[in-house]
Colleague: 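Let me give you the structure first, and then I'll get to my questions.
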Amino acid sequence: MKEKELRRSLAVLPIGTVMCLTDLTARQIRYYEKHELLKPERNPSNRRMYSLNDIDKLLEIKDYLAEGMNIAGIKEVYLKKAAKKKKVREQAISDEKVRKMLRDEFVNASGLKSQHEFSFKNTRIF
DNA sequence: CTTCTCACA
DNA sequence: TGTGAGTA
């Protein structure tokens, strides 16, 4: 379930295709990029190349705009979303450290001199 | 022919 | 946001 996400992130669509898929003008698509709502890649010829995720994002932007939200407002939505994801990542790293500490403490408390003597070394207890 | 940047009788 | 100019 991760190869799929990788493909969705591949920038393979030229702006013309994106225009058809989103019903937005090239002017609008570039305008949103200028306001950092999007970050399409560039091919060797300086042409913008979009991914399927970019298409979804543009469609999302179009909906927000239709609901009366402005560019600045949409930008804040994405900034907060990114902040939340960052916290989730930090929490995951934190949990990993806690597990390592508990494991080390357990191995040490059991009086084992090395992990080779730890009969459950390959078992995910923590 | 498509896309890019820039500018506005 | 539209559109035309001049490129690449």
Side-chain angles (χ1 to χ4, degrees):
Chain A
M1 193 65 94
K2 200 165 187 179
E3 288 296 313
K4 189 176 181 181
E5 178 57 34
L6 198 159
R7 297 179 194 294
R8 290 186 63 76
S9 297
L10 288 180
V12 295
L13 311 171
I15 199 168
T17 302
V18 178
M19 289 171 67
C20 295
L21 267 36
T22 64
D23 194 41
L24 291 170
T25 65
R27 180 83 163 83
Q28 293 173 304
I29 297 171
R30 296 182 186 121
Y31 182 72
Y32 303 151
E33 175 188 349
K34 189 170 187 177
H35 286 267
E36 301 175 279
L37 267 51
L38 228 57
K39 31 75 182 171
E41 293 180 22
R42 296 286 184 127
N43 67 11
S45 301
N46 197 41
R47 265 75 211 282
R48 274 169 262 253
M49 297 302 279
Y50 302 83
S51 68
L52 294 178
N53 283 327
D54 290 328
I55 299 297
D56 290 334
K57 201 159 189 178
L58 284 169
L59 256 21
E60 198 174 292
I61 292 171
K62 197 172 71 168
D63 287 337
Y64 282 139
L65 251 29
E67 291 174 25
M69 204 176 293
N70 55 43
I71 302 295
I74 297 173
K75 189 173 179 179
E76 287 183 38
V77 170
Y78 288 144
L79 285 177
K80 288 188 177 182
K81 189 174 295 181
K84 279 191 176 182
K85 288 188 177 181
K86 182 179 181 182
K87 279 195 174 183
V88 171
R89 279 187 286 106
E90 295 178 333
Q91 182 62 54
I93 293 175
S94 179
D95 290 344
E96 187 181 332
K97 287 185 176 179
V98 171
R99 267 183 273 106
K100 175 178 172 50
M101 289 180 74
L102 285 174
R103 185 198 62 197
D104 291 344
E105 187 175 317
F106 179 72
V107 171
N108 180 58
S110 66
L112 298 175
K113 295 177 181 178
S114 70
Q115 290 202 336
H116 285 53
E117 298 176 47
F118 185 39
S119 58
F120 299 116
K121 62 184 177 183
N122 293 318
T123 302
R124 295 173 57 187
I125 298 175
F126 300 115

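Letters go in sequence order (proteins before strands), and every chain restarts at 1. Just so we're clear, the structure is a prediction, and the values are computed from it rather than from any experiment.
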Colleague: Between C/dT1, B/dT5, B/dT3, which nucleotide gets closest to the side-chain atoms of A/Arg47?
Modeller: B/dT3

Colleague: Quick one: NZ on A/Lys80 to NZ on A/Lys75, what's the gap to the nearest 0.5 Å?
Modeller: 14.5 Å

Colleague: Do the non-hydrogen side-chain atoms of A/Tyr78 and A/Lys57 ever get within less than 4.5 Å of each other?
Modeller: yes

Colleague: Which whole-number value in Å describes the distance from A/Leu13 CG to B/dT3 C1'?
Modeller: 15 Å

Colleague: Without decimals, in angstroms, what is the distance between A/Ile29 CD1 and B/dT3 C1'?
Modeller: 12 Å

Colleague: CD1 of A/Ile74 to CD of A/Glu67: how many Å apart, nearest 0.5 Å?
Modeller: 9.0 Å

Colleague: Quick one: A/Tyr50 OH to B/dT2 P, roughly how many Å, whole number?
Modeller: 17 Å

Colleague: Could you identify the nucleotide paired to C/dT1, looking across every strand shown and requiring Watson-Crick or G-U wobble geometry with both distances under 3.5 Å?
Modeller: none

Colleague: Could you tell me how far apart A/Lys34 (NZ) and B/dA7 (C1') are, to the nearest whole angstrom?
Modeller: 11 Å

Colleague: Let's see if you can work this out: which of B/dT5, C/dT1, B/dT3 has an atom nearest to the side-chain heavy atoms of A/Arg42?
Modeller: B/dT5

Colleague: A/Arg27 CZ to C/dT1 P: how many Å, rounded?
Modeller: 8 Å

Colleague: Do the side-chain N or O atoms of A/Thr25 get closer than 4.0 angstrom to the phosphate oxygens (OP1, OP2) of C/dT1?
Modeller: no

Colleague: Within the modelled atom types, does a donor on one side and an acceptor on the other bring the side chain of A/Arg30 and the base of B/dT5 under 3.5 Å apart?
Modeller: no

Colleague: Can you tell whether the side chains of A/Glu33 and A/Lys39 come within less than 4.0 Å, N to carboxylate O?
Modeller: no

Colleague: Quick one: A/Ile15 CD1 to B/dT3 C1', roughly how many Å, whole number?
Modeller: 7 Å

Colleague: Please determine, for C/dT7, whether a Watson-Crick or G-U wobble partner exists with both distances under 3.5 Å, and give it or none.
Modeller: none

Colleague: Under 3.5 Å for both donor-acceptor distances, Watson-Crick or wobble: does B/dC1 have a partner, and if so which one?
Modeller: none

Colleague: Send over the distance from A/Glu33 CD to C/dT1 P, rounded to a whole Å.
Modeller: 14 Å

Colleague: Nearest whole angstrom, please: distance from the C1' of C/dT1 to the OH of A/Tyr31.
Modeller: 8 Å

Colleague: With side-chain contact (heavy atoms from CB on, under 4.5 Å) as the criterion, how do A/Thr25 and A/Ile29 come out once you've worked through the C-alpha distance, each side chain's angles and the decisive distance to 0.1 Å?
Modeller: CA-CA 6 Å; A/Thr25 65; A/Ile29 297 171; over 6 Å; no

